[in-house]
Amino acid sequence: PPSAPSPNGALRLGTFRSIWASREVEASPALKFLAPEQRVQLSPEDAQRLGVGDGEPVEVVHEGVRVRGVAFVHAAVPVGTALLEVGTVADPANALTNGEPRLVEVHRR
């Protein structure tokens with residue numbers, strides 16, 4: 001893969017997929033409550049710098065494309081990184097990626 005860009009104040013975009021992000025979960029009335037909604041995972045340092053608190057609505061932007069989610073502040077997230085989930089029904093991280101490293105901006109909504 002191409003080398004990752006230098007952050008320069010923006011956050012490096014990382015993605016992951018939950019086992020619950022699937023068509024089977026969406027189609028099953030018994031499992032539908034498990035379908036994930038977008039959470040934007042941030043380090044405590046980045047959240048503080050951005051003025052974002054845990055549970056606050058945020059949007060992640062890259063070249064005019066916006067993905068909305070709820071901030072999830074977690075010490076395990078590397079500083080300078082925003083982690084988003086791919087495969088969610090609403091606001092998937094897939095909208096921001098095309099297989100290449102991305103730098104994104106995170107804003108409070």
Side-chain angles (χ1 to χ4, degrees):
S3 61
S6 169
N8 297 332
L11 299 176
R12 200 178 302 254
L13 175 63
T15 61
F16 67 96
R17 185 176 193 99
S18 165
I19 62 170
W20 305 114
S22 69
R23 291 183 182 164
E24 293 80 9
V25 171
E26 281 297 312
S28 169
L31 297 176
K32 195 166 184 133
F33 75 97
L34 294 170
E37 294 182 6
Q38 190 58 264
R39 293 186 309 173
V40 179
Q41 297 185 29
L42 301 168
S43 70
E45 295 85 355
D46 288 326
Q48 183 177 14
R49 180 177 59 83
L50 297 168
V52 173
D54 193 52
E56 285 192 67
V58 295
E59 62 182 10
V60 181
V61 182
H62 175 74
E63 294 184 356
V65 177
R66 299 175 187 282
V67 169
R68 294 179 175 188
V70 174
F72 180 70
V73 181
H74 193 329
V77 177
V79 174
T81 303
L83 296 174
L84 279 80
E85 187 165 348
V86 296
T88 57
V89 174
D91 293 300
N94 315 48
L96 299 171
T97 65
N98 72 353
E100 294 188 20
R102 295 277 186 230
L103 290 179
V104 295
E105 296 178 14
V106 176
H107 306 281
R108 287 175 35 187
R109 285 191 288 156

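Heads up: numbering here begins at 1 and tracks the sequence.
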Approximate separation, where rounding is to 0.5 Å, of [X] [atom1] and [Y] [atom2]:
X: Q41; Y: D54; atom1: CD; atom2: CG; answer: 10.5 Å
X: R39; Y: H74; atom1: CZ; atom2: NE2; answer: 8.5 Å
X: L84; Y: R17; atom1: CG; atom2: CZ; answer: 14.0 Å

Can you list the steps and then say if V67 with Q38 is a side chain to side chain contact (heavy atoms under 4.5 Å, CB included)?
CA-CA 8 Å; V67 169; Q38 190 58 264; 4.1 Å; yes
Flag if over 12 foreign heavy atoms under 6.0 Å of CD, E26:
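Enclosed.
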Check the surroundings of atom CZ in R68: do more than 12 heavy atoms from other residues, nucleotides or ligands lie under 6.0 Å from it?
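No, CZ of R68 has 12 or fewer neighbouring heavy atoms, counting only those of other groups under 6.0 Å.
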Identify the heavy atoms of [X] and [Y] that sit nearest to each other, and give their distance.
X: A10; Y: V104; result: CB-O, 3.4 Å
X: P29; Y: A27; result: CD-O, 3.3 Å
X: V73; Y: G53; result: CG2-C, 4.3 Å
X: G64; Y: V61; result: N-CG1, 4.1 Å
X: G14; Y: T81; result: N-CG2, 4.3 Å

Any donor-acceptor N/O pair, [X] side chain to [Y] backbone, under 3.5 Å:
X: E45; Y: V79; value: no
X: E37; Y: G69; value: no
X: R102; Y: L96; value: yes
X: R108; Y: G51; value: yes
X: E85; Y: S18; value: yes

According to a 4.5 Å side-chain heavy-atom criterion applied to Ile, Leu, Val, Met, Phe, Trp and Tyr, with indirect links allowed, do V86 and I19 form part of one hydrophobic cluster?
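No, because V86 and I19 fall into different hydrophobic clusters, even though each may have its own neighbours under 4.5 Å.
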Give the cluster check for L50 versus L13: same hydrophobic cluster or not, with ILVMFWY residues linked at side-chain heavy-atom distances below 4.5 Å.
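Linked, L50 and L13 end up in one cluster.
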I'd like to check [X] versus [Y] (side-chain heavy atoms, cut-off strictly below 4.5 Å). Are they in contact?
X: F72; Y: L42; answer: no
X: V52; Y: V40; answer: no
X: D46; Y: V106; answer: no

Checking side chain to side chain contact (heavy atoms under 4.5 Å, CB included) for the pair L31/E24: CA distance, chi angles, key distance, verdict?
CA-CA 8 Å; L31 297 176; E24 293 80 9; 5.9 Å; no
